[in-house]
Amino acid sequence: MTRMSDGMKGVLTMIGACTIWGLSPLYYKLLSDVPPLEVLAHRTIWSLLCFAVILRLRGHRAWIRTCLGGRNRFVLTLCAAAAISVNWGGFIYAVQTGHGLEASLGYYIFPLVAVMLGFALYKDRLRPVQWVAVAMATVAVTVLTVGLGVIPKLSILLAITFGLYGVFKRRLKADAMETVGAEVLLLAPLAVVWLAGVHFAGWTDMTGRPGAVFPHDMGATVLLILSGPLTGMPLILFSYAAQRVTLPTIGLIQYLNPTLQFLCAAVVFGELVTTWHAIAFPLIWAGLAIYSFDSFQAARRTAASKSTKEL
C-alpha cells in the first residue's frame with residue numbers, strides 16, 4: 001500500500017479546515033434564539049478553555065509570555081483580538097439575521113482586501129493582474145450597492161476586519177495556536193462581564209432579544225460549549241496544513257469556505273439571490289480566479305529562479 005505524502009495530507013487537512021469553516025453557518029443558525037453577543041461571549045470563553053488544554057497537551061508552557069510579554073507584542077495581540085472579535089461577532093450576527101450571502105461575499109472579498117492592505121501598509125508591490133482583480137471586486141461591491149440600494153456593510157466589515165487581523169498576525173512571530181489562545185485570553189474578561197450583565201442585569205445587545213439561556217436551555221447550552229472545539233479544530237488542521245502545503249495552494253483551497261457559506265445561505269437557508277447578486281458574485285469569482293492564477297505563476301517563477309541559482 002502506498003503511503004500518503006505529506007503534501008497530500010496537508011491538502012486534505014486544509015480541505016477539512018475550510019469545510020468546517022464553510023459549514024459553520026449551519027451550526028450558528030441553530031443558535032438563532034441566542035443573542036449574537038451572548039453567543040460571541042460563550043465562544044470566546046469556551047475557545048480559551050479549548051486552546052489552553054490543547055497548548056498544554058502540546059507542551060506549550062510559555063505561550064502567554066511569548067505572545068503578551070513586551071509592549072509591542074501585547075499591543076499587536078490586543079489589536080488582533082479586537083479585529084477577530086468584531087469579525088466573529090459580525091459573522092454570527094449575519095448568519096442569525098438572514099445575511100449569510102453578505103457574510104460569504106465578505107470572505108470572498110477578503111483576499112483582495114488583504115492585497116490592498118499589504119500595498120498600503122507594507123508597500124507590497126501589486127502586479128498589473130492583481131490590480132485588475134482588485135478592480136473587479138470594487139465593481140462587484142458597487143453593483144450590489146447601486147442595485148440593492150444599500151451598501152453591503154457586513155461584507156465590507158468582515159473583509160476589512162479579517163484583513164486587519166492578517167496584518168497584525170503578520171507582525172506576530174509566534175505559533176498560530178499560541179497567538180489565538182492569547183487573543184481569546186485578552187477577550188475573556190470582557191466576555192465574562194457581558195455574560196454577568198446578561199444574567200444578572202438583563203443586558204441586551206443590538207437585537208434587543210432577552211438572553212441568559214445558559215444553562216437553562218440544555219440544547220443551546222451544549223451548542224455554546226461546543227463552539228470552543230468548533231473554533232479550535234479547524235485552526236489545528238490549518239496549522240498542520242500550513243507546514244506542508246504551499247501558500248498559493250492554501251489560498252485556492254480557502255475559497256471552499258465562502259463557497260460553502262454561499263450554498264448554506266442560498267440553498268439551505270433560502271436567502272434571496274437577486275439579479276444583482278448574480279452579477280456581483282461571478283465578478284468576484286472571476287477576479288479571484290485571475291488573482292489565483294497570477295499567484296501560481298509568480299510562485300512557479302520564483303521556484304524556477306531559486307532552482308537556477310542553486311545550479
Side-chain angles (χ1 to χ4, degrees), residues 18 21-22 24-25 28 36 82-168 170 206 251-267 269-295:
C18 290
W21 281 327
S24 63
Y28 289 106
I84 199 61
S85 180
V86 173
N87 189 271
W88 284 355
F91 172 73
I92 293 167
Y93 176 82
V95 170
Q96 289 192 350
T97 57
H99 293 87
L101 288 175
E102 278 194 62
S104 68
L105 177 63
Y107 291 114
Y108 273 126
I109 295 173
F110 152 68
L112 304 180
V113 169
V115 170
M116 289 303 296
L117 287 172
F119 173 76
L121 299 177
Y122 293 105
K123 307 304 179 185
D124 292 342
R125 295 183 61 186
L126 296 186
R127 294 181 293 274
V129 174
Q130 291 178 315
W131 279 115
V132 171
V134 170
M136 293 177 75
T138 304
V139 170
V141 173
T142 303
V143 165
L144 275 182
T145 301
V146 174
L148 300 179
V150 60
I151 298 173
K153 295 184 288 292
L154 278 172
S155 301
I156 295 172
L157 174 72
L158 293 176
I160 290 177
T161 53
F162 207 50
L164 288 173
Y165 182 64
V167 168
F168 300 132
R170 180 173 172 175
M206 73 290 289
L252 270 182
I253 297 174
Q254 277 192 304
Y255 298 142
L256 178 62
N257 172 14
T259 300
L260 289 174
Q261 289 185 24
F262 176 86
L263 292 173
C264 285
V267 178
F269 303 152
E271 292 186 22
L272 179 63
V273 180
T274 67
T275 302
W276 305 108
H277 288 102
I279 296 172
F281 272 91
L283 271 173
I284 293 290
W285 294 334
L288 289 174
I290 291 171
Y291 170 77
S292 299
F293 179 76
D294 181 67
S295 297

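It should be emphasised that the depicted structure is a prediction, and the values quoted were computed from it without experimental measurement. For reference, positions follow the sequence shown, starting with 1.
Ala133 approaches Gly287 most closely through the heavy-atom pair CB-O, 3.3 Å. Contact detail for Met136 and Ile290: the closest heavy-atom pair is SD-CD1, 3.7 Å. Contact between Leu260 and Cys18 at its shortest, heavy atoms only, is CD1-O, 4.1 Å. Of all heavy-atom pairs between Val167 and Leu121, the closest is CG1-CD1, 3.8 Å. Nearest heavy-atom pair across Pro25 and Val95 is O-CG1, 3.5 Å. Here the closest non-hydrogen pair linking Gly106 and Ala159 is O-CB, 3.4 Å.
Under the 4.5 Å side-chain criterion, counting only non-hydrogen atoms from C-beta, Ile160 is not in contact with Phe110. Using a 4.5 Å heavy-atom threshold, the side chains of Ile84 and Thr161 count as separate. Inter-residue side-chain proximity for Val141 and Ser155 is flagged as unmet; no heavy-atom pair is nearer than 4.5 Å. Side-chain atoms of Tyr107 and Gln261, non-hydrogen and from C-beta on, do get closer than 4.5 Å to each other. Side-chain contact between Val134 and Met116 is present, with at least one heavy-atom pair separated by less than 4.5 Å. Considering only heavy atoms from C-beta on, Thr145 stays 4.5 Å or farther from Val150 through its side chain. No side-chain heavy atom of Glu102 sits under 4.5 Å from any side-chain heavy atom of Leu144. No side-chain heavy atom of Leu158 sits less than 4.5 Å from a side-chain heavy atom of Leu105.
Under the ring pair (Phe, Tyr, Trp, His ring centres under 6.0 Å) criterion, Trp131 pairs with Phe119, not counting sequence neighbours.
The CG atom of Leu263 sits 11.0 Å away from the CZ atom of Phe269 when rounded to the nearest 0.5 Å. Atom CG of Leu154 is separated from atom OG of Ser104 by 11.5 Å, given to the nearest 0.5 angstrom. The CD1 atom of Ile284 sits 13.0 Å away from atom CD1 of Ile279, with the distance rounded to the nearest 0.5 Å. Atom OG1 of Thr274 is separated from atom CG of Leu148 by 4.5 Å, given to the nearest 0.5 angstrom.
Side chain of His99 to backbone of Thr97: a donor-acceptor contact under 3.5 angstrom is found.
Two rings, from Tyr108 and Tyr255, have their centers 6.0 Å or more apart. Residues Trp276 and Phe281 keep their aromatic ring centres 6.0 Å or farther apart.
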Trp21/Phe91 under ring pair (Phe, Tyr, Trp, His ring centres under 6.0 Å): CA gap, chis, key distance, verdict: CA-CA 11 Å; Trp21 281 327; Phe91 172 73; over 10 Å; no
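Atom CZ of Phe168 sits in a crowded spot, with more than 12 heavy atoms from other residues, nucleotides or ligands closer than 6.0 Å.
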